[in-house]
2 protein chains.
Amino acid sequence: MKPPSARSRRHPFDAEQLLREAGLKATSPRIALLRALHAAARPLSAAALHASVGGDADVVTLYRNLEVFAAQGLARRIEGREGHALYECVDDTHTHHHHVTCTVCGRMEDVELCVPPRVLEEVSKKARFAEIQDHVIELYGICAACQASLTKIRP
Amino acid sequence: MKPPSARSRRHPFDAEQLLREAGLKATSPRIALLRALHAAARPLSAAALHASVGGDADVVTLYRNLEVFAAQGLARRIEGREGHALYECVDDTHTHHHHVTCTVCGRMEDVELCVPPRVLEEVSKKARFAEIQDHVIELYGICAACQASLTKIRP
DNA sequence: TTGACAAATGCAAGTTATTTGCGTTTACTA
DNA sequence: TAGTAAACGCAAATAACTTGCATTTGTCAA
Ligand SMILES: [Mn+2]
Ligand SMILES: [Mn+2]
Ligand SMILES: [Zn+2]
Ligand SMILES: [Zn+2]
């Protein structure tokens, strides 16, 4: 018998509460968006999120709220390789991490590697930067599934 | 007396030769673009490159060639944080590296940190990726100059 | 409970970076 | 030096966001 996953542990995910805790009005477009972000297993584009919330929010509202969420630390924006932005939830069940992306199908997986603090210090010194505030690591490769189908076509 | 810099060592930078070696027709828009990329100290946007080559190439041609260059390994595309792409030269004087970007003024510096091969293997195994082909690391912080002016305003 | 009011929303219109279509030009090759 | 595919420039189209503005809605103090 499996233990409950981190994602499902705290059961009735209280979007309204989280919004108010962040000092934001708990409107229904926001509630729907925050739920969609929380439910997602992978970073999603604005278009995907719009599809996901259905009629619960206009795309414009969605863009505005993604910006607000990012500013309040409720969500994180990632620049996808195809030029458009992706968003993912930030909460106690989704801590700091990075991604591997399949260059064939676009599938993204979380990975736990990170830049060690002492490397950051070193860079800060060498590049003469007063402070390193943030970083992004993105890995690109071929996922097992795509590798399998590629092998089938051109072994 | 300083030794000549890596950038200036091979003096008459032969763009035409490099293009032909890559199997590309050495047209004047391409020569101008490759020279501009080579001369740049930092990754440049398509707009900046267009300004840099002046009347020597239409923006459309420039976009098409940036794609071709990236495919042939003559240039590298970076997704800047503001949503638009940046391009930089790839040649023996510009080897594999990553960047720190100032979140205030946008200045980019090269940094030499990288992901160790054994970490890549580990990720490949854990995420069930057949192969890791590529990676991006971008650091964000505040450069010395911007820190100084910030301190002046709000000490 | 209510109602004032700022904050948030939806729709329409505008930007901006990048792409596509197509007729013309140009660099390579024989 | 001519033939030809590749590359070009111009105009128009997309795609991903953003902005303006009139209308709605959560919040909070009364
Ligand atoms: Mn993630
Ligand atoms: Mn660089
Ligand atoms: Zn894949
Ligand atoms: Zn700076």
Side-chain angles (χ1 to χ4, degrees), chain A residues 14-37 43-72 74-88 106, chain B residues 14-37 43-72 74-88 106:
Chain A
D14 197 340
E16 301 194 26
Q17 171 112 349
L18 284 171
L19 287 166
R20 294 208 192 86
E21 279 173 31
L24 301 173
K25 275 169 79 165
T27 63
S28 65
R30 282 180 179 166
I31 295 165
L33 174 57
L34 194 49
R35 285 201 185 125
L37 283 167
L44 297 178
S45 65
L49 284 163
H50 187 224
S52 172
V53 301
D56 289 346
D58 187 87
V59 224
V60 176
T61 302
L62 207 138
Y63 275 110
R64 288 196 266 233
N65 282 327
L66 286 168
E67 202 181 330
V68 171
F69 286 10
Q72 299 311 313
L74 290 170
R76 194 162 78 103
R77 178 192 170 121
I78 301 165
E79 296 301 329
R81 187 166 253 202
E82 316 76 31
H84 60 252
L86 303 176
Y87 300 85
E88 74 182 340
Chain B
D14 196 341
E16 301 196 25
Q17 171 112 350
L18 285 171
L19 287 166
R20 294 209 191 86
E21 279 173 32
L24 301 173
K25 273 168 82 165
T27 64
S28 66
R30 282 182 178 163
I31 295 164
L33 175 57
L34 194 50
R35 285 201 183 124
L37 283 168
L44 297 179
S45 65
L49 285 163
H50 187 225
S52 172
V53 301
D56 290 345
D58 188 86
V59 224
V60 176
T61 302
L62 207 139
Y63 274 110
R64 288 197 266 236
N65 282 327
L66 286 168
E67 202 181 329
V68 170
F69 286 10
Q72 300 311 314
L74 290 171
R76 195 161 77 104
R77 179 191 170 121
I78 301 164
E79 296 300 329
R81 188 165 252 203
E82 317 77 30
H84 60 250
L86 303 176
Y87 299 85
E88 74 182 340

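As a basis for the values below, the full set of heavy atoms in this structure was taken, side chains included, without hydrogen atoms, waters or symmetry mates. Lettering of chains follows the sequences in order, A, B, ..., and the numbering in each one begins at 1. All of these numbers come straight from a predicted model, not from anything done at the bench.
- Under the 4.5 Å side-chain criterion, counting only non-hydrogen atoms from C-beta, Asp14(A) is in contact with Glu16(A).
- Here the side chains of Ile78(A) and Tyr87(A) are not in contact, with every heavy-atom distance at 4.5 Å or above.
- Contact footprint of chain B on DNA chain C: nucleotides with an atom under 4.0 Å from a non-hydrogen protein atom, first to last in 5' to 3' order, dA17(C) to dC28(C).
- The interatomic distance linking Glu16(B) (CD) with dA7(D) (P) rounds to 15 Å, in whole Å.
- Both Arg20(B) and Ser45(B) lie near DNA chain C, and the one whose nearest nucleotide falls closer to the 5' end is Ser45(B).
- Across all strands, Ala47(B) comes closer than 4.0 Å to no nucleic acid atom at all (heavy-atom distances).
- Contact of the Phe69(B) side chain with the Arg30(B) side chain is registered, since non-hydrogen atoms from C-beta on lie closer than 4.5 Å.
- Separating the NE2 atom of His50(A) from the C1' atom of dT18(D) is a distance of 16 Å, rounded to the nearest angstrom.
- Atom CG in Asn65(B) sits about 9 Å away from atom P in dG9(D), given to the nearest Å.
- Proximity of Leu37(B) to Leu44(B): side-chain heavy atoms (C-beta onward) are nowhere separated by under 4.5 Å.
- Side-chain contact between Pro29(A) and Asp56(A) is absent, with no heavy-atom pair separated by less than 4.5 Å.
- Comparing dT27(D), dA5(D), dA16(D) against the side chain of Lys25(B) picks out dA5(D) as the nearest.
- Remark: Thr27(B) is not in phosphate contact with dA7(D), judged by side-chain N or O atoms under 4.0 Å from OP1 or OP2.
- The separation between Leu62(B) atom CG and dC10(D) atom C1' is 15 Å, rounded to whole Å.
- Nearest-nucleotide positions on DNA chain C place Val60(B) closer to the 5' end than the other of Leu24(B) and Val60(B).
- Side-chain contact check for Leu74(A) versus Leu24(A): some heavy-atom pair is nearer than 4.5 Å.
- Residue Ala46(A) is out of contact with every strand shown, counting any heavy-atom pair closer than 4.0 Å.
- The CD-C1' distance, from Gln72(B) to dA7(D), rounds to 14 Å in whole Å.
- Rounded to whole Å, atom P of dA16(D) lies 18 Å from atom CZ of Arg81(A).
- Residue contacts for Arg64(B): at a heavy-atom cut-off of 4.0 Å it reaches a base atom on one of the strands shown.
- Put simply, the side chain of His84(A) never gets that close to the backbone of Ala46(A): no donor and acceptor are under 3.5 Å apart.
- At dT18(D), none of the side-chain N or O atoms of Tyr63(A) fall inside 4.0 Å of OP1 or OP2 (strictly under the cut-off).
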